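The figures here come from the full heavy-atom set of this structure, side chains too, leaving out hydrogens, waters and symmetry mates. Predicted, not measured: the structure shown is a model, and the values here were computed from it.
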Amino acid sequence: MNIRNLIQKTLVAAFVCGAAQLSVSCDKNDAPDPDKKPEAGAFLLSVTGESAEYLLQASDLSQGELSIASNSKTLEQSGYTWIFNRTPSVAVGLIYQQGDPGIGLGYSVDANGSLTELGQFQISSRFTSYGFFDRYALTSVGGQTPVDAQGNALLDAGGNPRTDGVTFNFIDLNSRLALQEKTLTTLNITGNGDQATFSGIVDMGNGEFLTGLVVSQPRDPNATGGASSGAISHPDSVWVAAFDAGLNLKRIYRDDRISYSSGRFRSQYYSQIGRADDGSVYVFSGSFETSTTRPCGALKIGKGATAFDASYYFNIEEKTDGYHFRKIWHVTGDCFLLELYNDKTVSATATATQYGIVDMTAKTFKWVTGIPAKDQITGTGLPAAYDGKMYFPITAEGANPAIYVIDPSTAAAVKGLSVAGATSINAAGILTAE
């Protein structure tokens, strides 16, 4: 085996080995291997400049500076949401053009480390949630009108078009991003007469994926904005659905210890479900609804379990001094990075630029230090977990956008790679030859 292939296999193994090991506490992470070096171009960045969006490859995110003036690929459109799959190693750019069909993109790297376009696809429905499952990149959006076999809209008891449809786009990573659209209905999905919007996609590794349910009454047709949810009838309950690739409902996990599992910003629904390295799934709730009596917290679904773990409950809000969180990302073991609101008042447009690390076994919380002050952060991007640390894109006033490397054992961050000529770093991810 030559040196290049050895480096590639080492990097891929380090990135995906977590599924085979026991859950590791944040304070017990093994030290990163100082001799392990990523392959040239193993990291991919999406950045925005003054007039376009660019893709840049980097060999190290912990130091140095890149420029969009060189070593970059200019994209024809801007505003992509980039997500990264591990196996196969693929970067997928999702785009929705304010009501017009958007052309999505997919990239991999060849044996020489060069960026290669896999194909394009068109999403005709907008999307509010996304993730990976099996060989697919998935998007979903609720609030759609289901139709019968003849294409006629299904009507409610009052003769109005129903709004309980959820449309999925299955984007096949193994077939040059061929897209298949599927819609299912959610009326009375939990048995209480309400409908649901889905939030998040978490692959269980057994032919099923999990998604959080935002269960509500039908959306008021006179309401403004793009959110697909109506009034929340049961703010003190959480539901999580398990589906297979045919969108057959396998089971629903339900509990009354936390509120629903989803972050909210305008019409977007952010996943608050994450899988730890041992296969356990943690279901978080940021308690978005002002009517809920449940504090921000988390429950656990053990690997292969068909119900929530009755013995596990983590009251996160009491650890954060009352601040609610909006987004969660898995870092390593069973520790997660949380994005928290700047104030204790939560809304669909509130600013969230505070960050913390939770250890789900020890049930501890630490504020992230070493990043710009919350009132100086003007933007963040999708972070990348690698070698036990989180690489988090942050844009702050008066500085080039940069990657901050967060050590979950201490919650301390160090400024790493910056990008000159960029106004923001939208995403960071791993992209390696296989």
Side-chain angles (χ1 to χ4, degrees), residues 128-131 133 138 140-144 146 162-168 183-204 206 208-219 227-244 247-264 268-275 280-316 324-328:
T128 58
S129 196
Y130 42 81
F133 164 61
L138 262 64
S140 72
V141 61
Q144 307 299 291
R162 285 167 46 179
T163 60
D164 62 292
V166 174
T167 296
F168 281 87
T183 297
L184 56 79
T185 59
T186 65
L187 185 63
N188 200 36
I189 188 172
T190 57
N192 59 11
D194 284 346
Q195 62 185 48
T197 292
F198 297 160
S199 180
I201 306 289
V202 175
D203 192 338
M204 295 295 285
N206 62 353
E208 298 176 0
F209 69 89
L210 298 182
T211 183
L213 304 184
V214 181
V215 178
S216 76
Q217 299 173 18
R219 183 177 185 273
S228 55
S229 299
I232 304 296
S233 304
H234 304 277
D236 290 343
S237 299
V238 62
W239 292 271
V240 175
F243 290 96
D244 64 17
L247 290 186
N248 299 301
L249 179 62
K250 309 301 290 184
R251 76 192 65 84
I252 291 181
Y253 301 81
R254 59 189 76 212
D255 208 288
D256 293 330
R257 290 176 288 171
I258 59 175
S259 186
Y260 65 71
S261 181
S262 181
R264 302 282 295 275
Q268 198 73 25
Y269 295 76
Y270 295 122
S271 176
Q272 291 185 348
I273 306 176
R275 186 180 177 189
S280 297
V281 171
Y282 290 95
V283 177
F284 296 77
S285 173
S287 296
F288 177 83
E289 296 297 322
T290 57
S291 57
T292 185
T293 65
R294 304 295 188 256
C296 301
L299 303 179
K300 180 180 179 179
I301 300 173
K303 183 177 181 179
T306 57
F308 281 111
D309 183 341
S311 66
Y312 185 90
Y313 170 72
F314 183 6
N315 184 335
I316 298 174
H324 292 224
F325 55 86
R326 185 170 67 185
K327 297 179 184 179
I328 68 100

Task: Atom of Val166, atom of Ala196 and distance for their closest heavy-atom approach - done: CG2-O, 3.6 Å
TODO: Would you check if the side chain of Arg275 reaches a backbone N or O of Val202 as a donor-acceptor pair within less than 3.5 Å?
DONE: no
TODO: Check for a donor-acceptor pair, side chain of Thr185 on one end and backbone N or O of Asp164 on the other, with a separation under 3.5 Å.
DONE: no
Open item on the list: When you compare the side chain of Asp244 with that of Phe133, does any pair of heavy atoms fall below 4.5 Å?
Closed with: no
Task: Ser287 side, atom OG; Gln272 side, atom CD - distance, nearest 0.5 Å - done: 8.5 Å
- [ ] Taking all non-hydrogen atoms of both residues into account, name the closest pair between Gly193 and Leu187 and its distance.
- [x] O-CD1, 3.8 Å
Task: Test log, rule side chain to side chain contact (heavy atoms under 4.5 Å, CB included), inputs Ile258 and Tyr313 - done: CA-CA 9 Å; Ile258 59 175; Tyr313 170 72; 3.9 Å; yes
Open item on the list: Using the ring centroid of each side chain, check whether Tyr269 and Tyr260 are separated by less than 6.0 Å.
Closed with: no
Task: Test item: Arg254 side-chain N/O and Thr190 main-chain N/O as donor-acceptor pair under 3.5 Å - done: yes
TODO: For Ser261 and Phe284, indicate whether the former's side chain and the latter's backbone hold a donor-acceptor pair under 3.5 Å.
DONE: yes
TODO: Give a yes or no answer on whether the side chain of Ser216 reaches the backbone of Gly230 with a donor-acceptor pair at less than 3.5 Å.
DONE: yes
Open item on the list: Looking at Ser271 and Ser199, would you say the former's side chain and the latter's main chain have a donor-acceptor pair under 3.5 Å?
Closed with: no
Open item on the list: Would you compute the distance between atom OG of Ser259 and atom CD1 of Ile232 and round it to the nearest 0.5 angstrom?
Closed with: 8.0 Å
- [ ] Examine distances only and state if a side-chain atom of His234 and a backbone atom of Val215 form a donor-acceptor pair shorter than 3.5 Å.
- [x] no
Task: Smallest separation among heavy atoms of Gly200 and Thr211, with atom names - done: O-OG1, 2.8 Å
Open item on the list: Would you say Gln195 and Thr186 are linked by a side-chain donor-acceptor pair, where the criterion is simply a distance under 3.5 Å?
Closed with: no
Task: Nearest-0.5 Å distance that lies between atom OG in Ser262 and atom CZ in Phe198 - done: 12.0 Å
- [ ] Check the pair Asp236 / Asp256 against side chain to side chain contact (heavy atoms under 4.5 Å, CB included), numbers first and verdict last.
- [x] CA-CA 6 Å; Asp236 290 343; Asp256 293 330; 5.9 Å; no
TODO: Evaluate the criterion side chain to side chain contact (heavy atoms under 4.5 Å, CB included) for residue pair Glu289 and Arg264; output intermediate values, then yes/no.
DONE: CA-CA 10 Å; Glu289 296 297 322; Arg264 302 282 295 275; 3.8 Å; yes
Task: CD1-CD1 distance between Ile273 and Ile301, expressed to the nearest 0.5 angstrom - done: 7.0 Å
Task: Minimal non-hydrogen separation, Gly274 against Ile328, with atom names - done: N-CD1, 4.0 Å
TODO: Could you tell me whether the side chain of Phe168 reaches within less than 4.5 Å of the side chain of Ile201, counting heavy atoms only?
DONE: yes
Open item on the list: Testing the basics here: between Thr197 and Gly142, what is the closest heavy-atom pair and its distance to 0.1 Å?
Closed with: OG1-CA, 4.2 Å
- [ ] Examine distances only and state if a side-chain atom of Arg257 and a backbone atom of Ala310 form a donor-acceptor pair shorter than 3.5 Å.
- [x] yes
Open item on the list: Using every non-hydrogen atom in the two residues, find where Thr128 and Val141 come nearest and quote the distance to one decimal.
Closed with: OG1-CA, 3.8 Å
Open item on the list: With a 4.5 Å cut-off on side-chain heavy atoms, are Ser229 and Val214 touching?
Closed with: yes
- [ ] Applying side chain to side chain contact (heavy atoms under 4.5 Å, CB included), run through Val283 and Tyr253 and close with a yes or a no.
- [x] CA-CA 10 Å; Val283 177; Tyr253 301 81; over 6 Å; no
Task: Atom pair CG (Leu210) and CZ (Phe243), whose distance is rounded to the nearest 0.5 Å - done: 10.0 Å
Task: Gap between atom OG1 of Thr163 and atom CZ of Arg219 - 0.5 Å precision - done: 8.5 Å
Open item on the list: With a 3.5 Å distance limit and no angle check, can you tell me whether Gln144 reaches the backbone of Thr183 through a side-chain donor-acceptor pair?
Closed with: no
